[in-house]
Q: 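Sharing a structure here in structure tokens format.
Ligands are counted one by one from 1 in listed order, and the atoms in each one are counted from 1 as well.
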Amino acid sequence: MPTFPNLTVLDHPLIKHKLHVLRDRRTPVKDFRDLVAEIAMLMAYEVTKGLPTEPVEFDTPLEHMTGEKVAGKKLALVPVLRAGLGMVDGILRLVPAARVGHIGLYRDHETLQPVDYYFKVPSGREQRDFFLLDPMLATGGSAVAACTTLKKAGARSIRLLCIVAAPEGVQKMLDAHPDVPIFVAALDRQLNDNGYILPGLGDAGDRLFGTR
Ligand code: PRP
Ligand code: URA
């Protein structure tokens with residue numbers, strides 16, 4: 001398996017376990033949805049390890065103390081519609097004050113090129129840490145377009161969280177956005193002729209929303 005300087009594979013045993021159920025074609029919609037949320041939460045726990053903290057003063061019932069809180073502006077979660085939506089609630093369980101933006105993109109089935117249809121993200125972009133969420137990084141077209149749009153809107157700090165990635169997509173991100181670290185639960189083997197990840201998990205949006 002190739003290695004990439006922009007890629008971290010989060011190979012926690014619980015993530016691996018949940019991922020094998022997620023991939024299984026027999027997994028029903030409700031379980032698929034729950035698993036996407038749980039994996040996203042576990043991934044966010046790992047990814048937030050690097051966030052800086054700052055001192056905060058307060059009183060316990062017994063005395064005054066100095067604790068620590070996450071520094072800076074609130075995190076912004078930005079799911080790529082539709083399938084990224086499945087990752088939001090799991091992460092909000094860990095970071096309830098995070099802001100949430102949305103980027104609407106779909107991949108044209110013929111050309112595999114991303115088509116954008118919606119963009120709304122929180123203000124204060126220069127100071128925020130953005131977590132861009134999409135379960136699938138396939139050709140990388142959608143992720144590259146989403147990062148380009150976010151940067152044009154002022155974002156300076158972006159991390160991309162995907163559940164499954166193909167080497168082709170990671171390379172495309174490295175070429176276009178080498179400053180954006182990518183965190184995945186698994187790096188798969190390759191894309192097929194239709195741009196689907198192998199072994200993958202199929203169409204994430206359809207499995208999440210039961211549309212096929
Ligand atoms: C899927 C997935 C990514 C994109 C990845 O979305 O959720 O956004 O494809 O493919 P790429 O790396 O080749 O761009 P899709 O376009 O199927 O839209 P949907 O979530 O609305 O179903
Ligand atoms: N989008 C998906 O949902 N699955 C893939 O395998 C590739 C793109």
Q: When you compare the side chains of Glu57 and His64, does any donor N or O come within less than 3.5 Å of an acceptor on the partner?
A: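 A donor-acceptor contact under 3.5 Å links the two side chains.
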Q: Answer yes or no on whether Arg82 is positioned over the face of Tyr118, meaning its NZ or CZ is under 6.0 Å from the six-membered ring centre and within 45° of the axis.
A: no
Q: Are Leu35 and Phe183 connected, step by step, through hydrophobic side chains (Ile, Leu, Val, Met, Phe, Trp, Tyr) whose heavy atoms are closer than 4.5 Å?
A: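 Yes; tracing contacts between hydrophobic side chains, which count when under 4.5 Å, links both residues.
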Q: Between Arg159 and Val180 (side chain of the first, backbone of the second, donor and acceptor by atom type, cut-off under 3.5 Å), is there such a pair?
A: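 Judged by distance alone, no pair lies under 3.5 Å.
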Q: Heavy-atom cut-off of under 4.0 Å around ligand 2: list whichever protein residues fall inside it, by chain and number.
A: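 The answer is Arg107, Met136, Ala138, Gly195, Tyr196, Ile197, Gly202, Asp203, Ala204, counting any residue whose heavy atom sits under 4.0 Å from ligand 2.
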Q: Among residues at least two apart in sequence or on other chains, which ones pass salt bridge (Lys or Arg N to Asp or Glu O under 4.0 Å) with Arg99?
A: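 Salt bridge (Lys or Arg N to Asp or Glu O under 4.0 Å) check on Arg99 returns nothing, list empty.
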Q: If only side-chain N and O atoms count, and only distance matters, is there a donor-acceptor pair under 3.5 Å linking Tyr196 with Asp203?
A: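 Short answer, yes.
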Q: Sequence neighbours excluded, which residues qualify as ring-ring contact (aromatic ring centres under 6.0 Å, His included) partners of His17?
A: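 Checked His17 against ring-ring contact (aromatic ring centres under 6.0 Å, His included); matches are His20.
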Q: Protein N/O near ligand 1 N/O, under 3.5 Å, which pairs?
A:
unit_1   : atom_1 : unit_2 : atom_2 : d
ligand 1 : 7 (O)  : Asp134 : OD1    : 2.9
ligand 1 : 8 (O)  : Asp134 : OD2    : 2.5
ligand 1 : 12 (O) : Ala138 : N      : 2.8
ligand 1 : 12 (O) : Thr139 : N      : 3.1
ligand 1 : 12 (O) : Gly140 : N      : 2.8
ligand 1 : 13 (O) : Arg107 : NH1    : 2.8
ligand 1 : 13 (O) : Thr139 : N      : 2.9
ligand 1 : 13 (O) : Thr139 : OG1    : 2.5
ligand 1 : 14 (O) : Ser142 : N      : 2.9
ligand 1 : 14 (O) : Ser142 : OG     : 2.6
ligand 1 : 16 (O) : Arg107 : N      : 2.6
ligand 1 : 20 (O) : Arg82  : N      : 3.1
ligand 1 : 20 (O) : Ala83  : N      : 3.2
ligand 1 : 21 (O) : Arg82  : N      : 3.3
ligand 1 : 21 (O) : Arg82  : NE     : 3.1
ligand 1 : 22 (O) : Arg82  : NE     : 3.3
ligand 1 : 22 (O) : Arg82  : NH2    : 2.8

Q: Minimum heavy-atom separation for Cys147 and Ile158, please, with both atom names.
A: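 Closest approach of Cys147 to Ile158: O-CD1, 4.2 Å.
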Q: Using the side-chain contact (heavy atoms from CB on, under 4.5 Å) definition, which of the options Leu7, Ile182, Asp188 pairs with Leu137?
A: Ile182
